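To start, the structure under review is shown below, and the notes come after it.
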Amino acid sequence: EGRWSLAGSTALVTGGSKGIGHAIVEELAMLGARVHTCSRNAAELEECRRRWEDKNLRVTVSVCDVSVRAEREKLMDTLRQTLGGKLDILVNNAGQSMVKAATECTGEDYALVMATNIESCFHLAQLAHPLLLRSAGGGASSVVHISSIAGFVGFPGLAVYSMTKGAMNQLTRSLAAEWAGDGIRVNCVAPGGINTDIAKDMDPEIVKSQATQLPMQRLGETEEVASVVAFLCMPAASYITGQVICVDGGRTIA
Ligand code: NDP
């Protein structure tokens, strides 16, 4: 068992059909993990599954809308079958942004973003706990949340989204403290602007001007987030828990 390997591990990554989640699935699988992932689009998931199979990566897929409690429960049932009830790694990545002035946000907007981004993380972590516990004997069990630098700094038009990301940062510290005795590490990766569909929804001129203002003067790539997630899951990171690591080209330190 290498300190820099995930060989023999099993992982659940939510929202793996696109963007950061897709890169995390590939990174974990390339490092030897068996991975299960989900999203809301069956056709896209199947397309991904086929491409992963062609690359000899061991990835299974199922449809799940993480904002719906009953679907989260069903996902964990599926997992018990596909991964044989053994789960070493949970990556809560699925999330959705909503760019809207705070004064314009409806009750439905608020409920949807909360359910998708934060309630899902808390509940999936709860549901995964017994499975992570079974794996924790080897000390290899861990949870990684994908929050955002929006959980640290204020961006206009992103109040509700940012609230969920701030909450993920705190959930990381709380669960890390509560589950350390169970041998389960809990960490968080907070990306800055990353080249995905989420960034494509924003005004390209704004994205460009934002990018040139940060120390590294560019958006990040999904692989640059995935590598940090993989590291946090490895035995090499065995003394790291409760941390929120920004992968942001220096945006929050400038
Ligand atoms: P993408 O939109 O590129 O991908 C999101 C993935 O999650 C897709 O696979 C999508 O599939 C899935 N997903 C979305 N909603 C749900 C849902 N309710 N249930 C199940 N799956 C869902 O987003 P990114 O890769 O950019 O974002 C991933 C995470 O990273 C998010 O939590 C985001 O907040 C965070 N992040 C992103 C940043 C960026 O600049 N890109 C910056 C900071 C944080 P489908 O829609 O088919 O369900």
Side-chain angles (χ1 to χ4, degrees), residues 12-27 35-49 51-52 59 61-76 78 90-99 111-121 123-124 144-153 155 158 160-169 171-172 188-204 206-208 210-211 214 218-226 228-229 244-249 251-252:
L12 169 61
V13 179
T14 61
S17 65
K18 278 185 278 198
I20 294 170
H22 188 272
I24 295 170
V25 169
E26 292 206 344
E27 192 84 21
V35 184
H36 187 89
T37 193
C38 68
S39 79
R40 293 167 299 182
N41 186 318
E44 255 175 33
L45 270 179
E46 178 53 22
E47 180 59 34
C48 289
R49 195 198 58 75
R51 269 186 274 127
W52 285 322
V59 186
V61 300
S62 64
V63 171
C64 172
D65 181 341
V66 299
S67 70
V68 180
R69 190 175 184 88
E71 295 204 22
R72 295 190 293 258
E73 279 160 356
K74 206 177 104 219
L75 173 65
M76 295 312 284
T78 305
L90 167 64
V91 182
N92 276 315
N93 162 79
Q96 81 163 68
S97 78
M98 180 175 293
V99 184
L112 178 66
V113 178
M114 286 288 163
T116 307
N117 292 9
I118 187 68
E119 191 185 318
S120 67
C121 291
H123 188 214
L124 284 172
V144 179
H145 295 131
I146 308 301
S147 71
S148 167
I149 58 165
F152 289 106
V153 295
F155 292 106
L158 280 177
V160 181
Y161 175 80
S162 303
M163 286 164 72
T164 67
K165 297 305 187 179
M168 285 175 93
N169 294 346
L171 178 63
T172 301
C188 185
V189 174
I194 307 296
N195 226 337
T196 69
D197 286 356
I198 280 190
K200 281 176 204 126
D201 285 345
M202 312 211 181
D203 181 339
I206 294 177
V207 171
K208 212 171 123 198
Q210 288 268 350
L214 58 92
R218 65 170 176 88
L219 288 177
E221 298 301 329
T222 56
E223 297 78 8
E224 295 178 301
V225 179
V228 180
V229 175
V244 184
I245 299 177
C246 291
V247 179
D248 69 349
R251 171 65 176 76
T252 48

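Order of listing sets the numbers, starting from 1, for every ligand and every atom in it. Note that this is a predicted model, so its numbers are computed, not measured.
- The shortest N/O to N/O separation between Ile194 and ligand 1 falls below 3.5 Å.
- Between His36 and Thr78, some side-chain heavy-atom pair lies under the 4.5 Å cut-off.
- In this structure, the side chains of Leu219 and Val207 come closer than 4.5 Å at one or more pairs of heavy atoms.
- Atom numbering of ligand 1 starts at 1 in the shown order; those under 4.0 Å from a heavy atom of Asn41 are 47 (O).
- Residue Gln96 places no N or O, backbone or side chain, under 3.5 Å from any N or O of ligand 1.
- Side-chain contact check for Glu223 versus Glu26: every heavy-atom pair is 4.5 Å or farther apart.
- For the pair Cys188 and Val144, the minimum side-chain heavy-atom distance is 4.5 Å or more.
- A heavy-atom distance below 4.5 Å is not found between the side chains of Leu12 and Val91.
- Close contacts between ligand 1 and Ser17 involve ligand atoms 8 (C), 9 (O), 11 (O) [criterion: under 4.0 Å to a heavy atom].
- For atom 15 (N) of ligand 1, the nearest non-hydrogen atom from the set Lys18, Arg40, Lys165 belongs to Arg40.
- Polar contact check, Thr116 against ligand 1: no nitrogen or oxygen pair lies under 3.5 Å apart.
- The OG1 atom of Thr164 sits 11.5 Å away from the CG atom of Leu171 when rounded to the nearest 0.5 Å.
- The Asp65 neighbourhood of ligand 1 comprises atoms 17 (C), 18 (N), 19 (N), with distances under 4.0 Å to a heavy atom of that residue.
- Using a 4.5 Å cut-off on side-chain heavy atoms (C-beta onward), Tyr161 and Thr116 make no contact.
- Nearest to atom 42 (C) of ligand 1 by heavy atom, out of Gly16, Gly192, Gly193, Cys48, is Gly192.
- Considering backbone and side-chain N/O atoms, Pro191 never comes within less than 3.5 Å of an N/O atom of ligand 1.
- Applying the 4.0 Å criterion to heavy atoms of Ile20 picks out, from ligand 1, the atoms 25 (O), 30 (O), 37 (C).
- For atom 35 (C) of ligand 1, the candidate residues are Cys246, Ser147, Gly95, Gly21; the nearest heavy-atom contact is made by Ser147.
- Ligand 1 has no nitrogen or oxygen under 3.5 angstrom from a nitrogen or oxygen of Ser148.
- Not one N or O of Cys38 is nearer than 3.5 Å to an N or O of ligand 1, by distance alone.
- Residues Ile146 and Val229 are in side-chain contact: their nearest non-hydrogen atoms beyond the backbone lie under 4.5 Å apart.
- Using a 4.0 Å cut-off between a side-chain N of Lys or Arg and a carboxylate O of Asp or Glu, Arg72 and Glu119 qualify as a salt bridge.
- When each atom of ligand 1 is checked for a heavy atom of Gly19 under 4.0 Å away, the hits are 3 (O), 25 (O).
- Every atom of ligand 1 is numbered from 1 in the order shown, and the set under 4.0 Å from a heavy atom of Cys64 is 19 (N), 20 (C).
- With sequence neighbours excluded, the residues satisfying salt bridge (Lys or Arg N to Asp or Glu O under 4.0 Å) with Arg51 are Glu47.
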